[in-house]
Structure formats: C-alpha cells, structure tokens
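Below is one structure, written out as structure tokens; comments come after it.
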There are 2 protein chains.
Amino acid sequence: MRGRAEETRERILAAAQECFARYGYDATGVAEICERAGVSKGAFFHHFPTKQAVFLELLERWLAGLGEKLAALRAGAPSVPDALMQMAGTAQQVFEAARGQLPIFLEFLSQAARDSRIWQATISPYRRYRAFFAGMIEAGIAEGSLRPVDPDAAANAILSLAIGLVLQATVDPDGADWGRIAQQSMGMLLEGIRRNNENLSI
Amino acid sequence: MRGRAEETRERILAAAQECFARYGYDATGVAEICERAGVSKGAFFHHFPTKQAVFLELLERWLAGLGEKLAALRAGAPSVPDALMQMAGTAQQVFEAARGQLPIFLEFLSQAARDSRIWQATISPYRRYRAFFAGMIEAGIAEGSLRPVDPDAAANAILSLAIGLVLQATVDPDGADWGRIAQQSMGMLLEGIRRNNENLSI
DNA sequence: TAATACATACCGACCGGTCGGTATCCAAAA
DNA sequence: TTTTGGATACCGACCGGTCGGTATGTATTA
C-alpha cells in the first residue's frame with residue numbers, strides 16, 4: 001500500500017474541490033469536506049494548517065495544469081493561428097469534462113479579488129499566460145501569419161475572450177453550445193488580426 | 001425632505017454594496033452592513049426580509065442600469081460598428097468610476113452559479129443582452145457594415161470579450177490600462193467581422 | 001519505542017434572524 | 001390649534017446554531 005497519508009490528502013483535496021465548486025469557499029464548512037472525504041477533522045488539520053491552504057493548493061494545481069496544457073498545444077501546432085484555433089477547439093472537451101466543476105474557477109477569481117495571499121498566487125501565473133500569448137502573437141507577426149498588431153493588446157483580447165467564454169459557460173451551461181461558440185469567437189478575432197484576408201466561412 | 005425611511009433603505013443598500021464588493025456576500029455580516037450604514041439591525045430587517053433580499057435588489061438595479069446604458073449608446077450611434085466602438089470607449093469611464101466596486105460583479109456571478117433564485121434574476125437580463133447584441137449584428141449585416149457572420153456567435157464573442165475585460169480589470173486593476181485595452185480588443189474583433197477591410201491602425 | 005496518522009471531544013467567536021419595546025410621524029378628532 | 005391614537009420606523013439585547021480551529025487521546029507504522 002503506497003502512502004496511506006498521501007491518499008488521505010488527495011481525498012481531502014478532491015472533496016474540497018467538489019464542495020468549493022458546489023457551495024463556494026465561504027459556504028463550505030471544513031466538516032462538510034471531511035464528511036465527503038470520509039475523514040475526521042483531526043486528519044484534515046493534520047494535513048493542512050487551514051482551510052485556505054487547501055484552497056490554495058487546489059488553485060496552484062489548477063493553474064499549473066492550465067499552463068502545461070497551453071504550452072503543449074502551442075508546441076504541437078505548425079503556426080500561431082493554428083495553435084490558437086486548436087486551443088479554442090479543446091474548449092469543447094474542457095467544458096464537457098469540467099461541467100459542474102467550473103464554478104470553482106469563479107471561486108478562484110472572487111477570492112483572488114479579495115485575499116492578497118490568493119491574489120499573489122493567482123496573478124503571477126496569470127501574467128505568465130498573458131506574456132505567453134503576447135509571445136505567440138509576436139511569433140505570428142514574425143512568421144507572417146498575423147498583421148503587425150500590438151502583441152500585448154492582442155494577448156489581452158484573447159485572454160478576455162477565453163475568460164468570458166469560461167464564465168458564460170459556467171453560469172449558463174445550457175444556454176449555448178459553448179464549444180462551438182468558442183471556436184467561432186476565436187475565429188472572428190483571429191480574422192481581425194491575421195494577415196491574409198481570404199474569407200474563410202465561419 | 002423626502003422619506004426618512006427611503007433614505008435609510010438607500011443607506012443600507014449603499015453600505016451593503018460596499019461590503020459585498022469588499023468582502024464578498026458570505027463574508028459580509030449583517031452587523032457590518034448596519035454599522036457602515038449607521039443603522040440598527042432592527043432597521044435592517046424592517047426594510048428587508050433577509051440578507052439575500054438586499055443582494056437581489058442590488059443585482060436587479062445593476063442589471064437594469066446596464067441595460068439602459070447599452071440601449072442609449074446603441075440609439076445614439078450612426079452605425080453598428082460605431083455603436084460597438086462607443087461601448088468599448090465608455091469602458092474607460094466605467095472602470096475608473098467603479099474602481100474598487102467592481103468585485104461585486106464577481107460576487108453577482110458566483111452567487112448566480114449557485115443560488116437558483118439569484119440565477120434566475122441574472123440569467124434573464126443576460127439573455128436579453130445577448131439578444132440585443134445579436135440584433136445589433138443583424139442590423140449591421142443589413143446595413144452593410146458587417147460581413148454575413150452568424151449573429152448569435154458574434155454576439156457571444158462580444159459578450160465574452162466584455163465579460164473577460166471586466167473580470168481582468170477587477171482582479172488586476174493595475175495590470176494594464178483596461179480602458180485602452182477594451183478599445184483595442186473590440187477594434188480587433190470588429191475588424192474580424194466588418195465588411196470593408198481597409199487597414200485601420202490599431 | 002518513537003514518530004506519524006488519524007479520531008473525538010470541545011472551545012470561543014460569530015452568524016443571520018427574532019423580539020419586545022420605543023421614538024417619530026401624520027391624520028383626524030376635539 | 002392642540003390633542004390623540006394608531007401606523008410606521010427604528011432600536012439593541014438576545015437566540016439557537018454553525019464556524020474554523022485546538023487539545024488530547026489512540027491506532028498504525030517504521
């Protein structure tokens with residue numbers, strides 16, 4: 001049996017993620033997490049100093065996973081526009097896989113807007129993502145696939161689009177086919193910054 | 001002097017808005033609202049049946065105000081692209097005026113993702129906005145200023161952009177000049193859906 | 001046996017909401 | 001004009017319950 005302790009830790013994290021997504025950070029009690037994890041309160045505070053520490057670890061894992069996914073997609077695409085469209089394409093899977101789990105993203109954001117500790121943990125990867133996209137845009141301009149737009153502005157536009165899509169999919173999951181919407185939206189934005197203006201059917 | 005009671009109500013609402021923005025809905029105590037409003041707990045529950053009722057009224061006012069603003073901007077613009085750019089242009093004022101108050105937008109969203117009562121109050125105006133933008137896109141296509149894109153998809157793209165911008169400005173207010181970013185982003189998206197493709201310098 | 005992993009019992013602070021009572025206001029009566 | 005009476009506005013002590021976190025004891029592992 002490998003690491004009983006480690007397994008307990010993971011169970012606590014998984015249970016917490018479910019609770020935070022369903023009820024929100026404040027409205028989730030430590031007792032509820034413990035019950036769902038099949039673990040006592042003592043075990044909880046043995047593995048984590050505070051409730052916030054659990055939240056923070058979930059946040060850090062989530063952000064790290066996101067970063068890896070983005071980098072992998074970029075590396076596997078032949079051109080910058082291709083990479084962007086592929087990222088938009090994976091949105092479908094993301095939305096389906098994370099259905100019901102997405103609200104925790106909102107929870108991450110609203111906590112970050114208030115708690116300086118969580119803000120720091122959030123903002124640093126976020127700025128890396130922004131820089132990552134800006135770098136992609138620059139590369140696209142250099143490779144000739146994009147018009148010479150302001151890379152920072154374009155990166156922000158892409159990020160805004162992505163964040164907005166996730167949020168809408170979170171709050172109104174049945175309001176639209178968000179995977180399709182993601183691709184179409186990215187297609188439109190891309191059309192606005194790509195160099196060759198041959199009309200592709202959207 | 002009109003209505004002492006009404007003034008008290010307004011003071012409670014204003015105090016609650018500040019608290020919700022600063023601490024979040026759950027973390028805000030009724031006692032804190034009362035203290036900030038200079039009002040007793042009894043007065044609070046005399047004017048509102050529950051804490052949630054206060055939140056709901058703030059939400060409804062906010063959404064109503066947003067709708068009016070959008071309609072006014074649309075009515076005052078000569079063309080659809082003009083209207084969109086003007087809307088993006090007002091972002092600067094919005095961000096500056098609401099600095100520090102923006103987190104309540106996040107609070108609205110995260111509550112809507114959980115509480116069905118608040119979800120209903122949120123989703124109905126939200127869908128109206130979406131229809132409003134879709135109508136604008138159709139009008140733009142009809143007037144010849146926009147390419148024949150899917151109006152719903154374009155409307156969703158615009159909404160995503162707007163939501164994403166507000167969120168980034170909320171979480172990272174000093175991370176960029178969000179007013180400028182809003183204009184540039186909308187400009188790029190617009191470039192992707194407008195008919196005449198003359199290059200405008202961004 | 002020493003250290004780690006976990007369980008149970010418990011604490012003080014604080015929560016949203018209630019309640020009995022008081023102050024204020026205004027219309028009608030005197 | 002003054003009095004009065006009832007409705008409205010407001011107060012603040014208080015309640016049951018829940019919260020995050022702790023203290024202490026027991027089982028498991030090394």
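Just so you know, these numbers come straight off a predicted model, no measurement behind them. Heavy-atom basis, side chains included; hydrogens, waters and symmetry copies ignored. Residue numbers start from 1 in every chain, and the chains themselves are labelled A, B, ... in the order their sequence lines are given, proteins ahead of strands.
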Mind checking side chain to side chain donor-acceptor pair (under 3.5 Å) for [X] and listing every partner two or more places apart, or none if nothing turns up?
X      : value
B:R130 : B:Y126
B:R117 : none
A:E10  : A:R61
A:D152 : none

(request) Anything under 4.0 Å to a heavy atom of chain A counts; send over the first and last such nucleotide of DNA chain C, read 5' to 3'. (result) C:dA5 to C:dT8
(request) Could you list the residues that satisfy ring-ring contact (aromatic ring centres under 6.0 Å, His included) with A:F108, not counting sequence neighbours? (result) A:F55, A:W62
(message) With the threshold set at under 4.0 Å for non-hydrogen atoms, list the residues of residues 18-48 of chain A touching DNA chain D in residue-number order.
(response) A:T28, A:G29, A:V30, A:K41, A:F45
(request) Return yes if some donor-acceptor pair links the side-chain N/O of B:S145 with the main-chain N/O of B:G140 below 3.5 Å, else return no. (result) yes
(request) Any pair with a residue in residues 69-84 of chain A that passes side-chain hydrogen bond (donor to acceptor under 3.5 Å, both in side chains), sequence neighbours left out, goes on the list, sorted by first then second residue, please. (result) A:S79-A:D82
(request) Scan for side-chain hydrogen bond (donor to acceptor under 3.5 Å, both in side chains) pairs involving residues 11-26 of chain A, sequence neighbours excluded, and state none if there are none. (result) A:E7-A:R11, A:E18-A:R36
(request) For B:R114, check salt bridge (Lys or Arg N to Asp or Glu O under 4.0 Å) against everything at least two apart and list the hits. (result) A:E107
Which pairs of donor and acceptor atoms, one on a side chain in residues 157-167 of chain A, lie under 3.5 Å apart (sequence neighbours left out)?
unit_1, atom_1, unit_2, atom_2, d
A:S160, OG, A:N156, O, 2.9
A:S160, OG, B:Q168, NE2, 2.7

(message) Which residues in residues 107-118 of chain B have a heavy atom closer than 4.0 Å to any atom of DNA chain C?
(response) none
